[in-house]
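A quick write-up on the structure given underneath.
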Amino acid sequence: MNRITKYDILRVIACFSIVLLHVSASYWSVVDVHSKEFLIMTIYNSLTRFAVPVFFMLSGLFLVSPQKENLAIGKRILKLLVLFYVWSAFYAFQGVAIDALHGAVTKEVWAASVQRFIFGHTHMWFIQILIGFYILIPIARQICAKKDVLQYYLILWTVFKFLLPCLTDMFHLDTIQARIDSLGLDILVGNFGYFLLGYYLNVTDIKRKTRWIIYAMGIAAVAATAWLTVRDSIGTAAYVERWFSPASLNILIMSAAIFICFKYGKVFNKVKRVSIWQKLSGYTFFIYMFHMFVIEKLNLIGITTISFPAIISVPILTIFTFTVSLFGAFAVDRIPFVRKIAMLH
């Protein structure tokens, strides 16, 4: 089994984790921060926070390779734009369609739907980030052409995106952080580095001892994510999400550890039915785009994570949502025209 299949498995697990993230977060900011339910939801949520950065890393893994040819960047961007607005229309005009069935479409409803269509559903920001990354692929490939340049960029990215904000926040050095922000180093404070990090980790050999240290740091990062979130939420009597952000150092460590684990994990060499994982990997985009529809409809009919204990409701609703979305992808994959405008192949 080659490393590409390992990454197919990682993509599927990341996709499932994103579903778990959105299920566990759906009523997270509703329950009492002092309650057992809040703690359980936070733990589930913390376990999933590697998923978005890992998706970024997998997206850039092969595209930034200097050896990659015939990328057809323009076609990729056009494809993403089509997908964005097809799915945006799917989410934005549901209300209009329902009102139309009752013969009562108001101007207010129509205007609100158009606005939602233009900006996309809440979870569709990921596509916009991908479009931005695709625009920068030629630059990314030049950075990756020389490993020392790539290392220099990743060091700067780690310092300016993670370390300095963490230190200035910890010691309340807001003025210093404001001066750092005034440097205008936007390319060093966004998610662009995650795309390059995936390529770097893939082509760089990491010694066994170093890997185990990273794994230990990854486990500690998961625990820290949950603990810091609960601590700050209770301390401020508010719902603190900062430790969940891809811009947090704990999430960077967690994500890198997961990626490296899949790169070197020997257990994946024993996995059979490789074609199934490749097929599932091809369905992850549809699952990502469709799963919020399932969650919203479940919530609409009163089936939520607070309908029964979170320790049970979160995994059950996650499995149900993922399964329904998977069957949706399977069905759409067999309708040529719909597949072309709704799936990323």
Side-chain angles (χ1 to χ4, degrees), residues 9 11-52 54-55 87 90-91 94-95 98 121-126 219 221-246 248 250-251 254 258 280 283-332:
I9 297 173
R11 188 183 298 275
V12 174
I13 292 176
C15 181
F16 182 85
S17 297
I18 285 180
V19 177
L20 175 58
L21 185 161
H22 288 147
V23 169
S24 62
S26 58
Y27 278 79
W28 178 78
S29 59
V30 173
V31 297
D32 184 356
V33 295
H34 298 90
S35 69
K36 179 181 177 182
E37 297 297 276
F38 180 79
L39 174 62
I40 292 171
M41 290 180 183
T42 300
I43 292 173
Y44 278 130
N45 208 325
S46 300
L47 289 170
T48 70
R49 288 294 167 165
F50 72 90
V52 169
V54 162
F55 259 128
W87 280 102
F90 172 76
Y91 281 101
Q94 292 178 38
I98 293 173
H121 196 269
T122 179
H123 70 307
M124 290 173 57
W125 64 274
F126 185 84
I219 294 172
V222 175
T225 301
W227 179 73
L228 289 169
T229 300
V230 172
R231 184 202 67 177
D232 289 357
S233 296
I234 292 176
T236 60
Y239 301 95
V240 178
E241 299 184 61
R242 53 175 294 201
W243 302 109
F244 290 155
S245 170
S248 295
N250 50 303
I251 302 304
M254 187 192 312
I258 291 288
L280 289 174
Y283 286 163
T284 54
F285 178 83
F286 183 94
I287 293 171
Y288 176 84
M289 297 306 297
F290 188 74
H291 79 279
M292 286 299 292
F293 174 81
V294 180
I295 293 174
E296 289 172 357
K297 298 317 169 198
L298 286 173
N299 291 344
L300 190 63
I301 62 176
I303 302 176
T304 72
T305 52
I306 59 175
S307 298
F308 43 104
I311 195 169
I312 299 173
S313 66
V314 171
I316 288 178
L317 291 180
T318 298
I319 293 171
F320 178 82
T321 300
F322 184 86
T323 303
V324 171
S325 300
L326 177 60
F327 276 111
F330 182 80
V332 166

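The figures here come from the full heavy-atom set of this structure, side chains too, leaving out hydrogens, waters and symmetry mates.
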Nearest heavy-atom pair of [X] and [Y]: which atoms, and what distance?
X	Y	answer
Asn45	Thr48	O-OG1, 2.7 Å
Met289	His123	O-NE2, 3.1 Å
Ala51	Ala14	CB-O, 3.4 Å
Ser233	Val240	OG-N, 3.2 Å

Restricting to side chain to side chain contact (heavy atoms under 4.5 Å, CB included), what partner residues turn up for [X], sequence neighbours left out?
X	value
Ile13	Ile9, Ser17, Phe50, Phe262
Phe308	Ile312, Ser313, Ile316
Leu39	Ile43, Val230
Val222	Leu47, Met254

Would you mind reporting whether [Y] and [X] have side-chain heavy atoms less than 4.5 Å apart?
X	Y	answer
Ile234	Phe38	no
Val12	Thr284	yes
Ser46	Trp227	no
Phe244	Val52	no
Ser26	Asn299	yes
Phe286	Trp87	yes
Val314	Ile40	no

Q: Would you please say whether a donor-acceptor pair under 3.5 Å links the side chains of Thr304 and Ser307?
A: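 On atom types as modelled, these side chains qualify, holding a pair under 3.5 Å.
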
Q) In terms of ring plane angle, is the pair Tyr288 and Phe126 parallel, tilted or perpendicular, where the classes change at 30° and 60°? A)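 Ring orientation of Tyr288 relative to Phe126: tilted.
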
Q) What orientation do Phe290 and Phe90 show, parallel under 30°, tilted 30 to 60°, or perpendicular over 60°? A)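 If you compare the ring of Phe290 with that of Phe90, the planes turn out tilted.
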
Using the side chain to side chain donor-acceptor pair (under 3.5 Å) criterion, which residues pair with [X]? Sequence neighbours excluded.
X	answer
Arg231	none
Thr225	Asn250
Thr42	Trp28
Glu241	none

Suppose we screen for ring pair (Phe, Tyr, Trp, His ring centres under 6.0 Å). Which residues come up paired with [X], at least two apart in sequence or across chains?
X	answer
Phe16	Phe322
His22	His291
Phe330	none

Q. Hey, what do you get for CD (Gln94) to NE2 (His121), rounding to the nearest 0.5 Å?
A.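 If I round to the nearest 0.5 Å, the distance is 7.5 Å.
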
**Q.** Ile306, CD1: over 12 other non-hydrogen atoms inside 6.0 angstrom
**A.** yes

Q. Is the number of heavy atoms from other residues, nucleotides or ligands within 6.0 Å of CZ (Phe320) greater than 12?
A.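 For Phe320, atom CZ is not crowded (no more than 12 foreign heavy atoms under 6.0 Å).
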
Q) Could you go step by step and tell me if Thr318 and Tyr44 meet the side-chain contact (heavy atoms from CB on, under 4.5 Å) rule? A) CA-CA 11 Å; Thr318 298; Tyr44 278 130; over 6 Å; no

Q.
Considering only residues two or more places apart or on different chains, which pairs with a residue in residues 12-40 satisfy salt bridge (Lys or Arg N to Asp or Glu O under 4.0 Å)?
A.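 Residue pairs with at least one partner in residues 12-40: there are none.
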
Q | Ser248 side-chain N/O to Ile251 backbone N/O, donor-acceptor pair under 3.5 Å | A |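 No.
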
Q.
Test your reading of the model: is there a side-chain donor-acceptor pair from Tyr283 to the backbone of Gly328, 3.5 Å cut-off?
A.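 No; judged by distance alone, with no hydrogens or angles, the pair does not exist.
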
Q | side-chain contact (heavy atoms from CB on, under 4.5 Å) assessment of Phe293 paired with Ser325 | A | CA-CA 9 Å; Phe293 174 81; Ser325 300; over 6 Å; no

